[in-house]
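Every chain is numbered from 1, with letters handed out A, B, ... down the list of sequences.
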There are 2 protein chains.
Amino acid sequence: MNTPIRVVIADDHRLMLDGLKQGLTSLPDIDVVGTAVDGTSLGAVVAHAKPDVLLVDVEMPGMSGLSAISRLKDLPPTIVVTMHTAESYGKSAREAGAVAFLSKGLPLPDLAAAIRAVADGQYLFDQDLDEVLSGYRTPQLSSRAEAITERERDVLRCLVQGISGTEDIADELYISQKTVKNHLASIYEKLSVNDRAQAVVEAMKLGLDRKW
Amino acid sequence: MNTPIRVVIADDHRLMLDGLKQGLTSLPDIDVVGTAVDGTSLGAVVAHAKPDVLLVDVEMPGMSGLSAISRLKDLPPTIVVTMHTAESYGKSAREAGAVAFLSKGLPLPDLAAAIRAVADGQYLFDQDLDEVLSGYRTPQLSSRAEAITERERDVLRCLVQGISGTEDIADELYISQKTVKNHLASIYEKLSVNDRAQAVVEAMKLGLDRKW
DNA sequence: TCATCAATGGGTCGTGCGACCCATAAAGGA
DNA sequence: TCCTTTATGGGTCGCACGACCCATTGATGA
């Protein structure tokens with residue numbers, strides 16, 4: 001199972017910070033491991049959380065996002081975001097050590113893609129963002145989840161929707177009860193669980209309920 | 001069960017919009033039923049989604065948030081948010097028909113509290129925000145969920161954590177297997193389900209996994 | 001004072017569930 | 001060509017689960 005990408009977010013607007021944190025954490029392959037509301041505390045947070053990717057707002061009171069990251073040594077791959085669409089900060093962001101420069105006008109899934117991209121070593125300064133991001137749009141599911149076949153997913157979806165009885169699932173999918181049991185047995189093995197309740201928990205943790 | 005509060009959000013920054021949407025939707029008592037990225041489309045969205053509460057950013061290109069809402073008739077209780085801490089827009093917001101004016105520096109849980117407050121008929125313009133919000137901090141759980149007792153929640157928490165066997169739960173909580181079964185039976189009745197898998201699903205839908 | 005409810009516990013009964021054995025048809029890659 | 005995987009199905013067995021019945025303690029409130 002690919003370990004999730006560890007991200008630290010810095011933004012002085014708590015609403016933005018909390019929203020991003022929530023939105024990114026809900027993705028199965030991204031973990032928000034720390035946050036900062038100003039430039040001065042950022043160093044300590046990064047040193048402690050050891051993120052794979054750093055996400056910083058340019059506009060911050062006191063120390064700006066750019067001076068904050070240029071002051072860090074051992075800077076992880078860093079994405080700088082701004083409210084302005086203008087590329088005014090683009091050059092300075094690069095000079096400060098950032099590997100990506102994005103607008104806050106971007107949809108959240110694109111930011112997620114950008115995080116995956118920079119975690120993968122990409123640089124994102126140019127205009128053809130879409131081209132680079134397209135390769136990173138789908139959340140990387142863990143290997144265990146990938147092993148779940150189409151039909152097994154159907155069964156799992158029934159469980160997550162509250163259809164838990166063998167007979168109910170069989171009726172829902174137009175197959176025999178025995179086949180349902182066979183699929184469940186495969187699911188249990190692949191998810192390392194041993195009953196329906198645990199399967200539901202694992203399915204939700206892996207994000208299998210959100211991507212279909 | 002109290003129906004969730006229906007909210008429409010308008011913000012030109014997609015990152016903020018998507019983040020807020022995600023963060024608010026994850027609350028058990030709030031539903032985001034529509035979004036707009038500019039002032040012009042807001043009217044149509046509100047007319048279609050019929051929200052209980054409207055959340056609007058002041059700073060938006062084209063038509064500002066304020067002129068957008070002042071143009072609406074049948075305006076639902078409206079919260080205006082701004083990036084600036086300054087109360088510069090406060091008066092204009094009131095004049096435009098808003099019932100609350102908040103900074104984006106607010107933590108997300110406070111925004112959620114504010115939404116509950118205005119849905120309840122409160123006005124939020126003054127400085128003693130904390131006092132008003134304090135009464136709305138905890139998400140209003142549905143009546144069914146409220147009926148779940150302390151000990152039953154312990155059992156439910158075990159389930160959500162993947163401890164599903166009767167004996168395992170009994171060991172975890174230092175009680176007999178019989179007591180576990182009794183608690184489970186009560187849970188099933190209160191949640192209108194009939195096995196552990198369905199109980200897990202319901203617990204997560206009601207947000208019982210996030211508030212303890 | 002008395003009733004109610006939460007939490008703890010007992011027992012019994014039937015069946016649904018999970019673990020194991022197996023087979024067959026179709027599809028797809030080596 | 002053959003082997004692997006997927007989806008479909010059969011059977012058996014033992015135990016755990018859920019549905020009922022019940023009691024005792026302590027707290028809380030009418």
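- Contact check, B:His183 against C:dA6: no side-chain N or O comes under 4.0 Å of OP1 or OP2.
- We find that CG of A:Leu159 is positioned 10 Å from P of C:dC17, with the value rounded to whole Å.
- By the 4.5 Å heavy-atom criterion applied to side chains, B:Leu111 and B:Leu20 are counted as neighbours.
- Here C:dT8 is the nucleotide among D:dC17, C:dT8, D:dT8 with the atom lying nearest to any side-chain atom of B:Thr179.
- For the 3.5 Å distance criterion, the side chains of A:Asp120 and A:Tyr136 qualify, holding a donor opposite an acceptor.
- If you take CD1 of A:Ile148 and P of D:dT6, they are 11 Å apart, rounded to a whole angstrom.
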Determine, step by step, whether B:Asp57 and B:Lys104 satisfy the salt bridge (charged side-chain N to carboxylate O under 4.0 Å, His left out) criterion, reporting the C-alpha distance in whole Å, the side-chain angles of both residues, the deciding distance to 0.1 Å, and the verdict. CA-CA 9 Å; B:Asp57 184 17; B:Lys104 286 192 179 176; 3.2 Å; yes
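- Put simply, CD on A:Glu152 is 7 Å from P on D:dT6, counting in whole angstrom units.
- Distance from the side chain of B:Glu150 is smallest for C:dA7 among the nucleotides C:dA7, C:dG10, D:dA7.
- With rounding to whole Å, B:Arg153 atom CZ is found 13 Å from C:dA6 atom C1'.
- Rounded to whole Å, atom P of D:dT6 lies 11 Å from atom CD of A:Glu189.
- Picking from D:dT8, C:dA19, C:dG10 the nucleotide with the shortest atom distance to the side chain of B:Ser176 gives C:dG10.
- Nearer to the 5' terminus of DNA chain C, by closest-nucleotide assignment, is the contact made by A:Glu167 (compared with the other of A:Glu167 and A:Asn182).
- In this structure, of D:dA7, D:dG10, C:dT8, it is C:dT8 that holds the atom nearest to the side chain of B:Arg151.
- Between C:dA7, D:dT8, D:dA7, one nucleotide has an atom nearer to the side chain of A:Thr149 than all others, and that is D:dA7.
- Using a 4.0 Å heavy-atom criterion, one finds that A:Thr166 contacts the sugar-phosphate atoms exclusively.
- Taking only distance into account, the side chain of B:Asp195 never meets the base of C:dG16 through a donor-acceptor pair shorter than 3.5 Å.
- Of the candidate nucleotides C:dG9, D:dG9, D:dA7, D:dG9 has the atom nearest to the side chain of A:Ile175.
- Rounded to an integer number of Å, the gap from A:Lys181 NZ to D:dA7 C1' is 18 Å.
- Rounding to whole angstrom units, NZ of residue B:Lys178 and P of C:dT12 are separated by 12 Å.
- A:Asn182 and A:Thr179 form no side-chain donor-acceptor contact under 3.5 Å, judged by distance and modelled atom types alone.
- Cation-pi geometry between A:Arg94 and A:Phe101 is not satisfied (NZ or CZ under 6.0 Å from the ring centre, within 45° of the ring normal).
- Atom CD of B:Gln198 is separated from atom P of C:dC17 by 10 Å (rounded to the nearest Å).
- Among the atoms of the strands shown, only primed sugar atoms or phosphate atoms (P, OP1, OP2) are found under 4.0 Å from some heavy atom of B:Asn194.
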